[in-house]
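First comes the structure, then the notes that go with it.
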Amino acid sequence: MGDFIVTCLQAATPIWLAALAGMYAQRSGVIHLGLEGLMVSGAFVATATAIETGSIALALAAAIVVNLTLSLLFWLLITYFKANVMIVGLGLSLTAAGATGYALVVVFGSEAAVQSPIGLPQPLSGLTGPLAPLGDLSVLTFAAIALTWIAWWSIRRTRAGLKLSACGSDPFAARSAGVPVDRYRLAALQIGGFLCALAGTELSLAGVQSFSDNITQGRGYLAFAAVLLGNVAPIGVSVAALFFGFAAAFGIQSQLDFNGTLPPQFVLMLPYIVTIIAISITAVIKKRRGEQPTLILERTL
Amino acid sequence: MKHLSRLEAARPVAVVAVSLLLALGIFGLSGYSVGEILNGAIEGSVGSAAAWTQTLRWAIPLLIIALGVGLTFQAGYFNVGAQGQMYVGAIGSLAVGLEWHDGPALVVVPSALAAGIALGMLWSLIPGILRTRLGADEVVTSLMMNFIAVLLLEWICTGPLKNRDGSGQAATTDMLSPTFRLSGGSGVSLTLLVICALLVVAAIMLHSRTRLGLEIRLVGRNPVMAQWMGIRASRVGLVVFGLSGAAAGLAGAVEVFGPAGSLRAGFSPQVGFMAVIVALVGAFGPVRMLLAALFFGGLRAATLYLPIVNDLPQAGLDMLNGMVAVWITVSALPAILARRSSRGPTPARTDKTPSESETVSAHG
């Protein structure tokens, strides 16, 4: 049981961190479909740096710097070049997937995977007895818990958080009230870049300690779904991410438990089906209350 | 205005050219010979009859899907579920083809294609109905439907339709009877080309000769205004979701009855997103989408050829596709040329976008 909870948390952590990133972006009014790309770039840069320097701190720093740059580019494209947010986001994800696959071959001469000699620290690894499974959790899982609290506090309890939410819910009103909407969006995207760097590092340097082509396998899109499933609120988003972690762990577990009787694919479908149902229910509730549907914002394709 | 719309039309070409240069720059910097890559790319896509066949083989699914996806985009819906719709279409058509393996080809093949079309349509109507009736966001739901379809395909290929004779071949299904195939393994045949030509003509007719085509563009430009004009926007929404799912389902069926002959888990993984890019580069005009499909089909052919001659990793060219997507909706160039001030409180995304300007120019 303890093992299972730890597996859930491990599977949830990357999605969780990326979902917080998407939450900040969406609060500021940017629909962030580039989470997948930022995760994969973070994962690659962290692994490559860890291999070259042997330092986890440098690996994290490099991943963060690269992702901040990419997020700045994203912001420039949607703000000054008026590109469509969703297309740029998808494009960023496709480019990053291609670029990391390419760099894997060019830098390491390998099509499959590279191993890192070091991994993320595990702060509770000294524990014994019933709490021993917790020792497998990386430091970033604990960081995710702290960052969730910070996200909740910054959005619900600070003036800046309120203004950030105003940028998303009514950019015109926010602008009229003197909020520099574009700058808030930049800040939100930079926070998102930082969080996705952590998410990517967790993915590659916790547990497996390696980077392989297409390491994210759609987790960035799951994180995006978690943002909507959690109604763009810090706690809700975290719960949604944990649910996805649970579903992934349950999928792995069910392969062992009912091998042959229940195809694992059907278990793995569950989070997606639940997301669709949850999003529909939310939409219906909003419609009943006479609110605007969640995502109709700026649909200008 | 005329001048501007010509610029609008030239922009996708510029975007593709810039991305191509950037990618070549990256390949050059990382030690590959740019000349050899260009040579290889041309050889692999248009250099010989075999290369042209490859280009067409990949252009066909891209074109079929893009024609449908373009309709949803024009109506203002962001349907990104083409990949899943294509998968279920492929599954449906293959199931018919395998179950009815002793029937006459003239009956079986059309029914199988119809099954593919119907399933693709159904798969697309789920997000369509949720969007138009309940207001659930179609980006998320259609994306989720993709993941579900990927798993469904994996299950079909490892479970019910798994090829039991295949020894090491993991996760493929049985082969169709050769008499049912619309083309050989090359994926190009007169039948398929005729199907594509008919679809392009149908799309042109829909776009410029029918009431529905006009309604789709009006709903996309301004749903509220369209509603006031007596157009039922949600009905138009359902129709475009249905049509785009049907097209993607047909593309899946064509893949099975054309080049593939069987199903493999996770086949053609990027075709769905690529088709979105094709639709955008072609600015939703059927003929321009045809040209864009040919270009990206050629790129795909080159992608598969280059690793053989230059050991350029395939991911390098996937990166190029992504880059095109990143720049494709950038609209600063015409804005600067029109001396429109970019200062002032212009919101990030309520601005004019390709589809809008495209409809504007289409109306003169």
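To find a chain, count down the sequence lines: A is the first, B the second, and so on, and within it residues start at 1. Please read these numbers as outputs of a predicted model, since none were measured by experiment.
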Between A/V106 and chain B, with a heavy-atom cut-off of 4.5 Å, which part of the residue counts as in contact: side chain, backbone, both or neither?
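A/V106 touches chain B through side-chain heavy atoms alone.
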Chain B contact via A/T275 - side chain, backbone, both or neither, heavy atoms under 4.5 Å:
side chain
Can you name the closest pair of heavy atoms from [X] and [Y] and give their distance?
X: A/L77; Y: B/V326; value: CD1-CG1, 3.3 Å
X: A/S280; Y: B/A136; value: CA-CB, 3.9 Å
X: A/Y102; Y: B/S30; value: OH-OG, 2.5 Å

Is there a side-chain contact (heavy atoms from CB on, under 4.5 Å) between A/I276 and B/L130? Walk through the geometry before answering.
CA-CA 9 Å; A/I276 293 176; B/L130 293 176; 3.5 Å; yes
Could you state the interatomic distance from [atom1] ([X]) to [atom2] ([Y]), rounded to the nearest 0.5 Å?
X: A/Q265; Y: B/L153; atom1: CD; atom2: CG; value: 9.5 Å
X: A/T282; Y: B/D137; atom1: OG1; atom2: CG; value: 11.0 Å
X: A/L94; Y: B/Q270; atom1: CG; atom2: CD; value: 6.0 Å
X: B/R131; Y: A/I279; atom1: CZ; atom2: CD1; value: 12.5 Å

Contacts of B/S19 that satisfy side-chain contact (heavy atoms from CB on, under 4.5 Å) - sequence neighbours left out:
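B/S19: side-chain contact (heavy atoms from CB on, under 4.5 Å) contacts with B/V15, B/L320, B/M323, B/V324, B/W327.
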Apply side-chain contact (heavy atoms from CB on, under 4.5 Å) to A/A166 and list each qualifying residue two or more places apart in sequence or on a separate chain.
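A/A166: side-chain contact (heavy atoms from CB on, under 4.5 Å) contacts with A/A174.
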Largest heavy-atom contact set with chain B, pairs under 4.5 Å, which of [options]:
options: A/L33, A/L104, A/V105; result: A/V105
options: A/T100, A/I281, A/L73, A/L90; result: A/L90
options: A/A103, A/G101, A/A99; result: A/A99

Does A/K287 use its side chain to pair, donor to acceptor, with the backbone of B/R133 at less than 3.5 Å?
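A pair under 3.5 Å: yes.
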Please flag which part of [X] lies under 4.5 Å from any non-hydrogen atom of chain A: side chain, backbone, both or neither.
X: B/I26; answer: both
X: B/V80; answer: side chain
X: B/F27; answer: both

What is the ring orientation for A/F266 with B/W155, classed by angle as parallel under 30°, tilted 30 to 60°, or perpendicular over 60°?
perpendicular
Of A/F224, A/Y272, A/F244, the residue whose pairing with B/F147 passes ring-ring contact (aromatic ring centres under 6.0 Å, His included)
A/Y272
Between B/T141, B/D318, B/I148, which has the largest tally of heavy atom pairs under 4.5 Å with chain A?
B/I148
